[in-house]
Amino acid sequence: MNAPALVPAPSAVRLEPHATLSGVAVLTLSNPGKLNAVNVAMWRELRQIFDGLDAREPDLRCVIVRGEGGTFVSGGDIEEFPAFRFEPDTVRDFHENIVAPALDAMYRCDIPLVAQIERACVGGGLEIACQCDIRIAGRSSRFGAPIARLGFPMAIDELAGVARVAGLATTAEILLEARLLEAEVALQRGLVQRVMPDEEVAQEAEATARRIAAGAPRAARLNKQALRLVAPQFAFSEAQRQQLAAYASGPDHREGITAFIEKRAPKFTGA
């Protein structure tokens with residue numbers, strides 16, 4: 001049976017000037033009714049916004065990244081997955097040509113990024129948060145990527161971005177146990193820099209952005225460039241990429257996603 005055609009869901013990624021803070025913008029991730037799950041259209045919008053943002057907005061000193069409605073991001077939009085996940089070529093195209101360039105555009109943006117994390121920071125949300133420079137979380141927020149329950153691994157470029165922030169040990173725990181970390185644990189592991197009462201997260205994100213905006217903008221951008229130079233660098237061969245994408249056509253992968261969509265427990269066989 002042919003995969004269903006991919007129909008873009010209503011969504012938006014908006015970059016708007018902050019209402020009261022000069023030199024600060026707010027990027028809002030919005031997917032109504034799905035706790036801001038990131039779909040293909042949103043990944044493309046993220047890339048479009050962050051590609052060259054520092055050159056287009058020379059006076060912009062900080063961007064607050066948040067989800068709409070009091071939730072950061074609950075993961076990827078799984079209802080889209082059957083359209084492209086079940087063949088190695090199409091799953092590679094999704095991860096390497098849609099998701100990875102969006103995350104890389106965020107990572108290479110010289111403007112400081114502050115993540116305002118409320119409630120769920122899962123899957124694609126965790127990957128987005130790890131591209132930000134400062135992550136401020138509410139006490140009820142949770143962090144993880146329980147995709148083992150869906151029958152697939154984290155794509156290698158995305159894993160590299162999470163591991164750069166969380167470290168290999170915590171990344172392994174998140175992925176292998178499909179575990180969601182509480183905010184205080186995330187703080188202990190260095191995954192976030194600050195944990196606040198839920199009702200104070202937005203206020204602290206704004207205060208952080210205000211402190212950043214008060215500093216010398218060129219120095220901040222040079223600091224970001226230097227941080228990228230000293231951060232672990234990752235490169236992967238074509239053979240490695242092919243090998244890691246071969247799971248796409250396997251029955252466990254299809255079973256995990258189908259079971260989620262059908263709202264039942266998956267039955268994995270190891271195939």
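Residue indices begin at 1 and follow the sequence shown. Note that the coordinates shown come from a computational prediction; the quantities given were computed from them, not determined experimentally.
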Does any part of the side chain of Leu103, heavy atoms only, come nearer than 4.5 Å to the side chain of Trp43, both counted from C-beta? yes
Using a 3.5 Å distance criterion without hydrogens, assess whether the side chain of Arg56 forms a donor-acceptor pair with backbone atoms of Ile49. yes
Are Val122 and Met154 linked, directly or through intermediate hydrophobic residues, by side-chain heavy-atom contacts shorter than 4.5 Å (ILVMFWY only)? no
Heavy-atom side-chain contact between Leu29 and Asn31 under 4.5 Å: no
Within a strict 4.5 Å, meaning less than it, do heavy atoms of the Val24 and Arg61 side chains meet? no
Counting heavy atoms not belonging to Ile261, are there more than 12 under 6.0 Å from its CD1? yes
Report yes if some heavy atom in the side chain of Lys224 is under 4.5 Å from a heavy atom in the side chain of Leu113; otherwise report no. yes
Is Arg221 salt-bridged to Asp54, going by a charged N under 4.0 Å from an acidic O? no
Are the side chain of Gln116 and the backbone of Ala205 linked by a donor-acceptor contact shorter than 3.5 Å? no
Within-4.5 Å side-chain heavy-atom neighbours: Val99 and Val38: no
Please confirm whether Arg135 makes a cation-pi placement over Phe72, using NZ or CZ under 6.0 Å from the six-membered ring centre and within 45° of the ring normal. no
Passing option when Pro112 is tested against Ile64, Ile134, Ile212 for side chain to side chain contact (heavy atoms under 4.5 Å, CB included): Ile212
Applying a strict under-4.5 Å side-chain criterion to I, L, V, M, F, W and Y, I'd like to know whether Val63 and Ile128 cluster together. yes
Could you tell me whether the side chain of Glu204 and the main chain of Val195 form a donor-acceptor pair under 3.5 Å? no
Below 4.0 angstrom, N of the basic side chain to O of the carboxylate: do Arg241 and Asp157 qualify? yes
Using the ring of each side chain (for Trp, its six-membered ring), is Phe152 parallel, tilted or perpendicular to Tyr247, with breaks at 30° and 60°? parallel
Is Glu206 salt-bridged to Arg66, cutoff N-O under 4.0 Å? no
Tell me yes or no: between the side chains of Asn36 and Glu68, is some donor less than 3.5 Å from an acceptor? no
Got a sec: does the CD of Gln242 have more than 12 other heavy atoms crowding it under 6.0 Å? yes
Please determine whether residues Val73 and Ile117 belong to a single hydrophobic cluster, defined as Ile, Leu, Val, Met, Phe, Trp and Tyr linked transitively by side-chain heavy-atom distances below 4.5 Å. yes
Over all atoms of both residues, closest heavy-atom pair of Arg149 and Ala178: NH2-O, 2.9 Å
Non-hydrogen atoms of Leu187 and Arg194 that approach each other most closely: CD1-N, 3.9 Å
Quick check: do Val162 and Glu127 have side-chain heavy atoms less than 4.5 Å from each other? yes
For Leu35, does its backbone N or O pair with a side-chain atom of Ser74 as donor and acceptor, under 3.5 Å? yes
Salt bridge check: are Arg139 and Glu200 linked by an N-O gap of less than 4.0 Å? no
Quick one: does Ile78's side chain get under 4.5 Å of Ile257's, heavy atoms only? yes
Looking only at side-chain N and O atoms, does Asp198 offer a donor or acceptor that is under 3.5 Å from a partner on Ser140? yes
Examine Arg254 relative to Phe86 and say whether NZ or CZ is less than 6.0 Å from the centre of the six-membered ring and inside a 45° cone about the ring axis. yes
